[in-house]
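Report on the structure given below.
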Amino acid sequence: VIDAKDVITQLAVLSDDQLIKDTQLHVALLYQPGTLIRLLELEDLYVQFSAYRLVKAILLNHNGLCATISATDGNSQLPPLLCNNRQLVIRMLVQKLVNIHQSCSGTGRAILELFHGLLKDHRHLVRNLGYHDNNDTDDSNEEEEATVAALSQHIALTVIQELMTCPEFWDEAALNKILYYREMQYAVLVLMIDIEKARVFGAAGAGDGFWKSVMSCHNNIVQCMDKWMAKDRIGLLPPKKHLELICISMKPSSPSQQQSHERFVGQDMRRALEVLIALSPLLLDTLQKFQEQDPDLEDFSAGRTTFIVLDNPNASLLNNPEAVRQLGQICLTAVLTILDNLDLSDKGDEIGDDIRNDRKQIIELTSSYLIPFLEEWLGDRTLSLLLTVYGEDDAGVSWLLRTMSRIYRSLLTLKSSSHHPSSLVHTTPSTSTTTTPTIPRSSAVLLLDKVQGLLEKHAHPVESLILFLETVGFDYQTILDLLLTLDDHESGGMLAAVMSILRSFTEDTVDQKRIVERWRQEIIQDQQLQPLQQEQAQEDQEEHRLELLSNVHHCLAQLSHQIRRLYKNNLFPYNPKPLLHVLDRTQDILSTLVFFY
């Protein structure tokens, strides 16, 4: 392959085994890094794919390279020259991206896809390491040691470090040039998502230097993407990966790394708010278009969203329902992340002044932007519209229900901490005297009261579950099928959503008392208006609160009975006792209303 004049012909006839497993070929090519680079520059698409697989195999085959070298000269370590050449190949590829031009955009895409493959392999090893941690056996321990060793030598570490140490790559002009070429847009967004996943999920065995490189790249990504969230530029990039990148950029960094890098915590806390500030005008404009031209989402449900015309004629972000769902997902995730990261308690000397000041600013910004956004977005039809938007598939519904529950749960937790006697007040250890509160109690409590009032009125998670049950006709069999379908093993699907909502409702007696009292008042009001409503046409009447709760009670009772029957006959796939507990407790609460009036 190296010596042949017709390299294309030689590559085309190599088998998969030769491409991936021929370590002698790998060693020979690694001694000539320039040849590796030229392979990726070949224009024939089939050969370029073969070259991509070959280069990827060489860069990932650290153990195989060592074994081949050992068989030759008895040295079990990779020679310094080959170690340097591995790094040199990555460095040369990064420089090629910096100097890319339109005539070689295909090569640029191949390089980006190569980096993606290397980072994806690293992420796979990290997941495997987590699996071994949960299986304490001799075989598992041996595999864990091998995985740790592979991670410490992984080429992905070099990719991240070379990207970090190349300021030209992150230069606005260079990135704009890369993003300008349509052939490379998707691939560069995928690479940025890979880097963000390394930040969020951690990098076991990689060391402190790798984490700092990841955070440096994250900061560069944020600066770049902030410019691409402007209203006149949104939609110019592939929407699916663009929105996915925005969403993952809001997620907090790996908890284990936050503990040793406190200065990054403030950055994570602020990111979600910045995204919400940038994208909420676009979302609110979209909602206004729906209200004016498709109030019942009939066109949306039929896959027609071309009526959404943005100020920028080139912006096609919202020309399909999936993009609208993704935009809503970003904003809901931003609200959840803001509430999750608000820390209203004071930890004294455990945190520095910079972090404390960041928290003050977050409170001020949240008051200035989150409250107005929720006031504009929330209304009497919010839940029904959300269920229509996300009701196309089971995963969308379970995600929505779970997210609404988490948002409200985070809010209740925040309120609980804000009313704690020692919260929000900083005590100096040396004098034991109370000084000025870290965050003014009145500002924090007022903020939380406003947010809770808006969510409780228009988007309480129990109401979202009740409305979903209504949309499926209170059919317990449909709910049972969803509970038995755990396609989303990471989040738990519908089971996790139902458990989260009903557990919070049954265990938080204060919130439960408020919502039950509101239902009670609605029942009384319905009964007072009933004579007038009977004079109206039946089709104009909405379902009364008592009838609604009766249907919910009956549905949950049938569901509980069916689960018990299946479990008794060993036909239920998991232990249903926690689920049955919250179902029974919810029925007891509803009974105080259903059988009283």
Side-chain angles (χ1 to χ4, degrees), residues 196 199-200 215 218-231 233-234 242-253 255 258 261-287 326-345 351-352 354-378 403-404 406-415 417-418 424 438-440 443-455 459:
E196 288 297 318
R199 176 185 63 86
V200 172
M215 286 305 304
H218 163 69
N219 294 333
N220 287 321
I221 290 171
V222 166
Q223 292 178 12
C224 172
M225 285 297 101
D226 281 350
K227 297 181 177 65
W228 284 87
M229 283 195 296
K231 188 177 178 180
R233 304 186 77 180
I234 204 81
H242 187 191
L243 293 174
E244 183 181 346
L245 176 60
I246 292 173
C247 198
I248 196 172
S249 74
M250 294 186 299
K251 293 186 177 181
S253 303
Q258 282 188 3
H261 295 275
E262 188 177 278
R263 64 182 182 278
F264 295 134
V265 177
Q267 299 174 14
D268 293 339
M269 292 170 61
R270 191 180 295 271
R271 177 62 185 162
L273 195 55
E274 293 171 346
V275 170
L276 189 64
I277 293 171
L279 293 184
S280 58
L282 178 63
L283 179 66
L284 295 176
D285 286 351
T286 304
L287 292 176
Q326 288 177 316
L327 181 62
Q329 182 174 348
I330 287 176
C331 291
L332 282 175
T333 302
V335 173
L336 173 61
T337 306
I338 291 168
L339 294 176
D340 275 347
N341 289 322
L342 277 177
D343 191 345
L344 304 183
S345 61
I351 61 173
D354 291 342
I355 302 298
R356 189 176 291 112
N357 290 333
D358 271 344
R359 291 178 179 172
K360 286 184 181 180
Q361 294 175 13
I362 289 291
I363 289 291
E364 295 170 358
L365 289 171
T366 303
S367 299
S368 301
Y369 290 98
L370 180 60
I371 298 298
F373 169 75
L374 292 176
E375 289 175 338
E376 288 283 341
W377 175 63
L378 290 170
T403 301
M404 299 304 294
R406 290 181 60 194
I407 288 174
Y408 200 73
R409 185 72 255 167
S410 294
L411 179 63
L412 294 179
T413 302
L414 272 172
K415 287 206 70 175
S417 67
S418 69
L424 307 179
T438 302
I439 302 169
S443 300
V445 172
L446 182 61
L447 166 67
L448 297 179
D449 285 344
K450 284 185 176 180
V451 174
Q452 181 178 9
L454 290 166
L455 292 175

Nearest heavy-atom pair of [X] and [Y]: which atoms, and what distance?
| X | Y | result |
| --- | --- | --- |
| K251 | R199 | O-NH1, 2.8 Å |
| S368 | P372 | O-CG, 3.1 Å |
| Y408 | Q452 | OH-NE2, 3.7 Å |
| P281 | L276 | CD-O, 4.5 Å |

Atom pair [atom1] ([X]) and [atom2] ([Y]), whose distance is rounded to the nearest 0.5 Å:
| X | Y | atom1 | atom2 | answer |
| --- | --- | --- | --- | --- |
| E376 | I371 | CD | CD1 | 12.5 Å |
| K450 | E375 | NZ | CD | 7.0 Å |
| M225 | S249 | CE | OG | 9.0 Å |
| L336 | L411 | CG | CG | 11.0 Å |
| M229 | L282 | CE | CG | 11.0 Å |
| W377 | L454 | CH2 | CG | 10.5 Å |

Report yes if some heavy atom in the side chain of [X] is under 4.5 Å from a heavy atom in the side chain of [Y]; otherwise report no.
| X | Y | answer |
| --- | --- | --- |
| L279 | I246 | yes |
| L370 | V335 | yes |
| Q329 | L243 | no |
| L339 | R406 | no |
| F373 | L283 | yes |
| R271 | T337 | no |

Exercise. For the pair T333 and V275, evaluate side chain to side chain contact (heavy atoms under 4.5 Å, CB included) and give the outcome as yes or no after the intermediate values.
Key: CA-CA 10 Å; T333 302; V275 170; over 6 Å; no

